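Model, not experiment: these values are computed from the prediction. So that the names make sense, note that chain A is the first sequence line, chain B the second, and so on, each numbered from 1.
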2 protein chains.
Amino acid sequence: MLDPVSRVRRFNRAVTSAVGALDTSFLGRGRPLGAARVLNAIGHGRADVGDIRDYLGLDSGLMSRLLRSLEDEGLIETTAHADDARRRIARLTAAGKCEFNAYEAISNRQAKDFLGHHSQRDALLAAMDLIASALGRDGTALDEMDPRSDAARYCLGEYYAELARRFKQGFDVKLSRDPDAKDMVRPRGSFIVAMSDGLPLGCVGLTGTSDEFAEIKRLWVAPAARGLGLGRRLMDAAEKAARELGITVLRLDTNSALAEAGQLYRRTGWTEIPRFNDDPYPNLFFEKRL
Amino acid sequence: MLDPVSRVRRFNRAVTSAVGALDTSFLGRGRPLGAARVLNAIGHGRADVGDIRDYLGLDSGLMSRLLRSLEDEGLIETTAHADDARRRIARLTAAGKCEFNAYEAISNRQAKDFLGHHSQRDALLAAMDLIASALGRDGTALDEMDPRSDAARYCLGEYYAELARRFKQGFDVKLSRDPDAKDMVRPRGSFIVAMSDGLPLGCVGLTGTSDEFAEIKRLWVAPAARGLGLGRRLMDAAEKAARELGITVLRLDTNSALAEAGQLYRRTGWTEIPRFNDDPYPNLFFEKRL
DNA sequence: GCATATATCTGACTTTAGTCAGATATCACG
DNA sequence: CGTGATATCTGACTAAAGTCAGATATATGC
């Protein structure tokens, strides 16, 4: 009764029956599940027919028929792709948007109901993030984005909050050498965010101080995504960006309180070097030649 | 991106696609999913055909045909119910057991693989327990059982471990007035365990010290199941058992370090009374007249 | 014993999902 | 322009799931 495999299987059973209920709730609008899934994919911004087909794993014949039935209902319209007339682009009509909103309302209400009665709301959400990240491991994409974007600012906020928790003396961004956001944008640097299905799970910044040197800053991985190798993937992506920018030597500073980070650096070819700045927070300094 | 509803929906998406993969893995044995589900339900101990039908939500015609196909394959045999010849009882044949084991092996392997690569194994299992408990809220059954049974002993072990963590001075069962297990069995007392799909989620003991007095002991709820009202359900069940035993006054002792428990007692009609024993651990004493 | 309810079975049917072999239009490239 | 690749569509098909109206046998209560 304690054995891990039984616990996973208990979870599977619980979730399988919940998913069944979730599916059937989508049948309440007089449309088979397949058509509803296509409508929702389009509503969520997927326009390219081939893309939808891949995403939903449908045969091209079946896809074609489902599109036709939605078109007959007046919910979508398709046009040829501007650059490639073989490809088709689907868009919701006004009626389609209305119908899509009805499906969204069902989903939102279910999600809300699920959370509603629980006094353990936060723990439950954290558990869901953890499991979704573990399940969707391969679906996590690393996107280079502006450090002032919402996703990036969210990551940085979480990162600072974590430093404040983990440093004995706390953490105040203003006392640290905070790189200006525009230094972490090409051509001087880069900022990379790991996104999984809309949720930011981690980030890393690269800021070029001279033509050859650059610094890695702000490496952070969400608690829900730790242990999945995301930190390493982010560092690899940052190194790749550095190479593209012609950087030959990378540096970073960190604190021994962040043990996982230190381990990661040591395991991936970084070597410890003497202090190279007077920031009050770091006490460990690393370098890597590309 | 932080909003709870989106996080729940992200979880739903992740889990829906995982469940899809889980389903298709069951098709690898040349049998449609429906038949495989029936075979597995029987293998897991469901024998009554009507019960299986309810559990899987199948139409009686469909159910009949699925049973027939499994019978034709030689995997099950059906007999009439001993007390009611209209009802049918299904049982696996030797070949059926073999086939069922093959399905079990698939499930076990998947569960194992899922856990395999994760460095966050324990956190993941805890998250799965939490979510399965939250989803299966209504599936939690309170069973009266022997306090020496495996499930009961598991609960007690967890309970003691938790006391040891939460009491500043630690906890040693031997120093406490440990009621003899046989005092928590009818007709002198009772022991109730909350079981959800094979996992014990909580317990409570009732031990009669005289004809009219009895004590509530060992109330525990698994961390994964807190916030779902299980403590209250357990206490209600214990009170019901006490009434059945003719008890008119219930007592219990607890410690102020266990704040949730104290709150529960106060909210459910218990009144604080002076110390009534010399156990070193408790510092709060309650009574309730039935 | 008889009327009614219940559990299962049978046959005839529909819907949904999925497969596959071409047909058609368009693109990319020499 | 012609050739081969690509994206979508069409028609013909199958398998699985699900529905429904009786048929059959057994149980229950008067």
(request) Could you tell me the separation between the OG atom of B:Ser6 and the CG atom of B:Asn12, rounded to the nearest 0.5 Å? (result) 11.5 Å
(message) What's B:Arg65 touching, base or sugar-phosphate or nothing? Going by heavy atoms closer than 4.0 Å.
(response) base
(request) Give one of base, sugar-phosphate or nothing for B:Arg53, where a contact means two heavy atoms less than 4.0 Å apart. (result) sugar-phosphate
(request) Verify the contact: side-chain N or O of B:Arg86 to OP1 or OP2 of C:dC9, cut-off strictly under 4.0 Å; return yes or no. (result) no
(message) Main chain of B:Asp48, side chain of B:Arg88: is a donor-acceptor contact present, judged purely on distance under 3.5 Å?
(response) no
(request) Measure from CE on A:Met63 to P on C:dA17 and round the result to the nearest Å. (result) 13 Å
(request) Send over the distance from B:Leu67 CG to D:dG18 P, rounded to a whole Å. (result) 15 Å
(request) May I ask you to say what A:Asp59 touches in the nucleic acid, namely base, sugar-phosphate or nothing, with a heavy-atom cut-off under 4.0 Å? (result) base
(message) Both A:Ala85 and A:Ala35 contact DNA chain C. Taking the nearest nucleotide for each, which residue is further toward the 5' end?
(response) A:Ala35
(message) For A:Leu199, is there any backbone N or O sitting under 3.5 Å from a side-chain donor or acceptor partner on A:Ser196?
(response) no
(request) Without swapping roles, check the side chain of A:Asp143 against the backbone of A:Met145 for a donor-acceptor pair under 3.5 Å. (result) no
(request) Using a heavy-atom cut-off of under 4.0 Å over every strand shown, decide if A:Arg37 touches base, sugar-phosphate, or nothing. (result) nothing
(request) Mind calculating the distance between CG (B:Leu62) and P (C:dT8) to the nearest angstrom? (result) 14 Å
(request) Indicate whether any N or O donor in one side chain lies under 3.5 Å from an N or O acceptor in the other, for A:Thr248 and A:Arg243. (result) no
(request) Round to a whole Å and report the spacing from CG of B:Leu27 to P of C:dA17. (result) 16 Å
(message) Measuring from the side chain of A:Asp84 (C-beta onward, heavy atoms only), which nucleotide among D:dT19, C:dC27, D:dC9 has the closest atom?
(response) C:dC27
(request) Could you work out which one of D:dA7, C:dA7, C:dT16 sits closest to the side chain of A:Pro32? (result) C:dT16
(request) Mind calculating the distance between CG (B:Asp23) and C1' (D:dA15) to the nearest angstrom? (result) 16 Å
(message) Under 4.0 Å from OP1 or OP2 of D:dT10: is there any side-chain N or O of A:Arg68 that close?
(response) yes
(request) Starting from P on C:dC27, measure out to CZ on A:Arg87 and report it in whole angstrom. (result) 11 Å
(request) When you get a sec, tell me which of D:dT8, C:dT19, C:dT10 is the closest nucleotide to the side chain of A:Arg88? (result) D:dT8
(message) In this structure, how many angstroms lie between the P atom of D:dT8 and the CG atom of A:Leu66, rounded?
(response) 14 Å
(request) Calculate the interatomic distance between A:Asp54 atom CG and D:dT8 atom C1'; express it in whole Å. (result) 13 Å
